[in-house]
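Reviewing the structure listed below.
Because only heavy atoms are used, hydrogens play no part in the values below, and waters and symmetry mates are left out as well, while side chains stay in.
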Amino acid sequence: YKNYAGETVEKEIITIDHFGAGKYGAVYFYYDISYPRRKDDHTEFFGSISPTLSFSKITGRSFSYGVIQDVSLKLELEQVSAATPVYYYGFAFDLKLPHFSFAQVSIVLRDDPNKPGVGGQLNGVWSIPFGWSRLTQFAVQGFWAAGVIPEAQDKFFLTTQPQFLYDLSPVFATDSGAVQAGIEYSLGINRYLKAGVIDTQGKPDPGFDERVIQAMVKVNY
């Protein structure tokens, strides 16, 4: 990985996430806890909590059209170690696509209270399960987020983490999808949103990208 200064580092990450549906919508949250291997680095966390309010559930009317199954109001609070929270406001669209177990896109405004203006961001999550028998079940899934940051002169950023996972549940005699293992590719274009930000010498930071292949084990409960 790369730290904020652009130095290459090694670390392990524990991710805790949750999705729960309710009477009027749903709540999703996740938190990444990073454990660096360098003694002079510190443990860090990054995450967010995002409630959505379903227009269909609230009104009792269908908001489906074509591949769109539902439309929701989306709010999000993002937290990073030693940083001011960032707020997001927008709309989420649940999609019904062939071969996908779920897919959603959302369009939001990004509001950092410590910086002028607001940015725009487009997000997506997806999962495609496939296999040939109970012993050969796989999933391709992940998320992406892309947008611009006005306080850095509308510099573009992209974060995505596609995963390729194998279902180990038969080995542990548990429910399907309870234990998965595989790889995750982490791509960050304009990592840490640094491109264009004025540094201590009064010059715009060139920024940098990050590309990491990660081994991962996932336990669902």
Q. Under 6.0 Å from the six-membered ring centre of Tyr1 and within 45° of its axis: does the NZ or CZ of Lys11 meet both?
A.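 Positive - Lys11 is close enough to the ring of Tyr1 and near enough to its axis.
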
Is it true that the side chains of [X] and [Y] contain a donor and an acceptor less than 3.5 Å apart?
| X | Y | result |
| --- | --- | --- |
| Glu44 | Ser34 | no |
| Gln104 | Asp94 | yes |
| Ser64 | Ser62 | yes |

Kindly check if the number of other-residue, nucleotide or ligand heavy atoms within 6.0 Å of [atom1] ([X]) is above 12?
| X | atom1 | result |
| --- | --- | --- |
| Phe91 | CZ | no |
| Asn114 | CG | yes |
| Phe130 | CZ | yes |

Q) Can you list the steps and then say if Ser127 with Gln141 is a side-chain hydrogen bond (donor to acceptor under 3.5 Å, both in side chains)? A) CA-CA 4 Å; Ser127 179; Gln141 58 192 35; 3.2 Å; yes

Q. Under a 4.5 Å cut-off applied to non-hydrogen side-chain atoms, are Val125 and Trp144 in contact?
A.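 A side-chain contact under 4.5 Å is absent here.
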
Nearest 0.5 Å please: distance from the [atom1] atom of [X] over to the [atom2] atom of [Y].
| X | Y | atom1 | atom2 | value |
| --- | --- | --- | --- | --- |
| Gln161 | Leu187 | CD | CG | 9.5 Å |
| Thr84 | Asp112 | OG1 | CG | 6.5 Å |
| Lys2 | Thr8 | NZ | OG1 | 6.0 Å |
| Leu193 | Arg110 | CG | CZ | 5.0 Å |
| Gln121 | Glu76 | CD | CD | 7.5 Å |

Q: Kindly give the cluster partners of Phe29, where membership spreads through any ILVMFWY side chain lying under 4.5 Å from a current member.
A: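 Under the 4.5 Å side-chain rule, Phe29 groups with Val27, Tyr31, Phe45, Ile49, Leu75, Leu77, Tyr87, Tyr89.
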
Q. When clusters are formed from ILVMFWY side-chain contacts under 4.5 Å, directly or step by step, what else is grouped with Tyr4?
A.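 Hydrophobic cluster check, Tyr4: joined to Tyr192, Phe208.
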
(Q) Would Lys218 and Leu165 count as a side chain to side chain contact (heavy atoms under 4.5 Å, CB included) here? Give the steps. (A) CA-CA 9 Å; Lys218 186 174 184 179; Leu165 301 176; 4.3 Å; yes

Q.
side chain to side chain contact (heavy atoms under 4.5 Å, CB included), that's the test. Do Ile68 and Leu95 meet it? Break it down for me.
A. CA-CA 5 Å; Ile68 298 177; Leu95 307 179; 4.0 Å; yes

Q: Take Gln180 and Leu168 through the test side chain to side chain contact (heavy atoms under 4.5 Å, CB included) and record every step on the way to the result.
A: CA-CA 5 Å; Gln180 298 171 299; Leu168 289 171; over 6 Å; no

Identify every side-chain donor-acceptor pair in residues 12-21 under 3.5 Å, counting partners at least two apart or on other chains, and give the distances.
unit_1	atom_1	unit_2	atom_2	d
Glu12	OE2	Arg37	NE	2.6
Glu12	OE2	Arg37	NH2	2.8
Thr15	OG1	Asp32	OD1	2.6

**Q.** Hphob cluster co-occupancy, Tyr166 + Val171, side-chain heavy atoms under 4.5 angstrom
**A.**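 Linked, Tyr166 and Val171 end up in one cluster.
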
Q: Following the transitive rule for hydrophobic clusters with a side-chain heavy-atom cut-off under 4.5 Å over Ile, Leu, Val, Met, Phe, Trp and Tyr, establish whether Phe102 and Phe93 coincide in one cluster.
A: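 No, it is not one cluster - the side chains of Phe102 and Phe93 are not joined through contacts under 4.5 Å.
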
(Q) Using every non-hydrogen atom in the two residues, find where Ala195 and Pro206 come nearest and quote the distance to one decimal. (A)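 For Ala195 versus Pro206, the nearest heavy atoms are CB-O, 3.8 Å.
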
